[in-house]
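Computed from a predicted structure; not experimentally measured. So that the names make sense, note that chain A is the first sequence line, chain B the second, and so on, each numbered from 1.
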Protein chains: 2
Amino acid sequence: MRPLFHPSIDDVTVEGILHALSDPVRASIYARLAGLDCAATCTALQQAGDRTIPKSSLSQHFRVLREAGLVRSERAGVEMHNTTRCAEIEQRFPGLIPAILNAHRVQAADALPSRTPGRRTATAVVRKKAKGR
Amino acid sequence: MRPLFHPSIDDVTVEGILHALSDPVRASIYARLAGLDCAATCTALQQAGDRTIPKSSLSQHFRVLREAGLVRSERAGVEMHNTTRCAEIEQRFPGLIPAILNAHRVQAADALPSRTPGRRTATAVVRKKAKGR
DNA sequence: TGCCGTAGTTCAAGATATACGAACTATGGA
DNA sequence: TCCATAGTTCGTATATCTTGAACTACGGCA
């Protein structure tokens, strides 16, 4: 089993962060982790919205978050303790993470009243509309 | 030729925006467009860093930006006039775009002094490091 | 009106990345 | 030593991205 890789804060890129958080599952995981004031195990964050993420996918998602520099994962006995690296990132890219988390909140608040279910990315929506090309 | 699709501002998603801007080429295009106070044609933005983007790729990139709700494209004679939809997005997701653009600036300023060339996403960097697994 | 040049789009196929079940590893008890 | 739990890695099916080649749309000019 490869040891977990955490990039130095100087190697963290905007592209990496945006890519990591452009996935609804990862964004949800990260938002919940950021809302906590303590570490969380992977399985504690296995529910995204209405569905349960398979273990293998969950592991990949955590790897992406970790390699983007967004979370720090440390083995603690049989489980894994995940924490955000908010403070470090705030120092390097001031305001970025709060703005993204806030935007996610706005969108979630927006979607609820009309019961719009599982909105996907703009691209996905368009693809669906334009299917019969 | 399909008419150009622009999502209503209410259909614009955070995921779509982050995904669109998580690509270095698109981020560069968008940043330069946002820095302008007038419309720009596609070819005017064809240089990204040191390389020239092929026309077909450029077209795809503009489609992604457009469908994410980030830019508005209007045909003007033989060419295309592209403008950002900053104001609309600022209203829906306050602070998001400025934070991202600022982060890109920080990163660019960071990379120059040490002449670090064409940094890729964190994932790509890691993949390279871990190639001989 | 027909023809040409320019700007951009669409198509197709190869490269690359993602999702997830099955098999595996690491750790802590009993 | 054996088992259960938490997570990782592998393999493969699927989706997305990149880009050259072919195409469309428009304007200008003879």
Side-chain angles (χ1 to χ4, degrees), chain A residues 1-5 15-16 18-27 29 39-46 48 51-68 71-82 120-128 130-133, chain B residues 1-5 15-16 18-27 29 39-46 48 51-68 71-82 120-128 130-133:
Chain A
M1 212 170 260
R2 255 194 298 290
L4 300 179
F5 174 78
E15 289 89 350
L18 299 189
H19 171 250
L21 295 181
S22 70
D23 180 281
V25 172
R26 285 194 294 265
I29 289 174
T41 63
C42 296
T43 28
L45 300 163
Q46 194 161 19
R51 72 200 202 90
T52 301
I53 310 301
K55 274 202 315 180
S56 54
S57 308
L58 196 64
S59 180
Q60 295 301 327
H61 285 313
F62 269 101
R63 189 168 64 83
V64 172
L65 289 170
R66 202 160 50 227
E67 294 182 352
V71 313
R72 188 177 297 284
S73 312
E74 291 174 288
R75 186 169 272 286
V78 74
E79 51 192 30
M80 207 78 149
H81 283 182
N82 299 288
R120 306 283 301 176
T121 63
T123 308
V125 169
V126 167
R127 288 272 158 69
K128 212 180 295 173
K131 196 150 47 180
R133 61 176 180 184
Chain B
M1 213 170 261
R2 253 195 300 288
L4 301 179
F5 173 78
E15 290 88 349
L18 299 189
H19 171 250
L21 295 181
S22 70
D23 180 280
V25 172
R26 285 193 295 265
I29 290 174
T41 62
C42 295
T43 28
L45 299 164
Q46 194 161 18
R51 70 198 203 92
T52 301
I53 310 301
K55 273 201 317 179
S56 53
S57 309
L58 197 63
S59 181
Q60 296 302 328
H61 285 315
F62 268 101
R63 189 168 63 84
V64 172
L65 289 170
R66 202 160 50 227
E67 294 182 354
V71 313
R72 188 176 296 285
S73 312
E74 291 174 289
R75 185 170 272 284
V78 73
E79 51 192 30
M80 206 79 151
H81 284 182
N82 300 288
R120 306 283 300 175
T121 63
T123 308
V125 170
V126 167
R127 287 272 157 69
K128 213 179 295 171
K131 196 150 49 180
R133 65 174 178 182

Hey, which of A:Arg63, A:Arg75, A:Met80, A:Glu74 is the one that makes side chain to side chain contact (heavy atoms under 4.5 Å, CB included) with A:Leu4?
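Only one of A:Arg63, A:Arg75, A:Met80, A:Glu74 forms a side chain to side chain contact (heavy atoms under 4.5 Å, CB included) with A:Leu4, namely A:Met80.
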Please state how far atom CG in B:Asn82 lies from atom P in C:dG8, giving the value in whole angstrom units.
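That distance rounds to 8 Å.
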Report the nucleotide, chosen from C:dC11, D:dA6, C:dG8, that has the shortest atom-to-atom distance to any side-chain atom of A:Glu79.
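Of all the options, the side chain of A:Glu79 is nearest to D:dA6.
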Listed nucleotide nearest any side-chain atom of A:Leu4, set D:dT19, D:dT8, D:dC26:
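Output: D:dT8.
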Answer whether the closest heavy-atom distance between the side chains of B:Val64 and B:His61 falls below 4.5 Å.
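The answer is no, as the side chains (C-beta and beyond) never meet within the 4.5 Å cut-off.
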May I have the distance from A:Phe62 (atom CZ) to D:dT9 (atom C1'), rounded to whole angstrom?
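For the pair A:Phe62 CZ and D:dT9 C1', the rounded distance is 17 Å.
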Describe the nucleic acid contact of B:Thr43 in one word from base, sugar-phosphate, nothing, applying a heavy-atom distance below 4.0 Å.
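Sugar-phosphate, backbone atoms only, no base.
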Which nucleotide in the list C:dG8, D:dG7, D:dA25 gets nearest to the side chain of B:Thr41?
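Output: C:dG8.
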Under 4.0 angstrom between B:Ser57 side-chain N/O and D:dT19 OP1 or OP2:
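Answer is yes, contact under 4.0 Å.
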What is the distance, to the nearest angstrom, from the CE atom on A:Met80 to the C1' atom on D:dT8?
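So the two atoms are 9 Å apart, to the nearest Å.
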Atom CD of A:Glu67 to atom P of C:dT18: distance rounded to whole Å?
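It is 11 Å, rounded to the nearest whole Å.
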Atom CD of A:Gln46 and atom C1' of D:dG7: how far apart are they, to the nearest Å?
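To the nearest whole Å, that distance equals 10 Å.
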A:Asn82 side chain to A:Ala40 backbone, donor-acceptor under 3.5 Å:
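At least one qualifying donor-acceptor pair exists.
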Output the distance between atom CZ (A:Arg26) and atom NE2 (A:His19), rounded to the nearest 0.5 Å.
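Between A:Arg26 CZ and A:His19 NE2, I get 5.0 Å after rounding to 0.5 Å.
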Can you tell me which nucleotide in D:dT18, D:dG7, D:dT5 comes closest to the side chain of B:His61?
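Side chain of B:His61 sits closest to D:dT18.
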Give one of base, sugar-phosphate or nothing for B:His81, where a contact means two heavy atoms less than 4.0 Å apart.
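Contact class for B:His81: none.
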Compare the minimum distances between each of D:dG7, C:dT9, C:dA22 and the side chain of A:Ser56, then state the nucleotide with the smallest one.
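Output: C:dA22.
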Looking at D:dG20, C:dC20, D:dG7, which one has an atom nearest to any side-chain atom of A:Lys55?
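Closest of the options to the side chain of A:Lys55: D:dG7.
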Below 4.0 angstrom from OP1 or OP2 of D:dT8, is there any side-chain N or O of A:Arg66?
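A:Arg66 to D:dT8 OP1/OP2: side-chain N or O found under 4.0 Å.
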By nearest atom, which of the nucleotides C:dC20, D:dT18, C:dT10 is closest to the B:Ser59 side chain?
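The answer is C:dT10, which lies nearest to the side chain.
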Counting heavy atoms from C-beta on, name the nucleotide in D:dC10, D:dG7, C:dG5 closest to the side chain of A:Gln60.
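Nucleotide nearest to A:Gln60's side chain: D:dC10.
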So do the side chains of B:Arg51 and B:Ile53 get within less than 4.5 Å of each other, counting heavy atoms only?
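SC-SC contact between B:Arg51 and B:Ile53 confirmed.
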Atom CG of A:Leu65 to atom P of D:dG7: distance rounded to whole Å?
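From A:Leu65 CG to D:dG7 P: 14 Å.
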Would you kindly give the CG-to-P distance between B:Leu58 and D:dT19, to the nearest whole Å?
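Those two atoms, CG and P, are 11 Å apart.
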What is the separation between atom CD on B:Glu74 and atom P on C:dT9, rounded to the nearest whole Å?
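Atom CD in B:Glu74 sits about 13 Å away from atom P in C:dT9.
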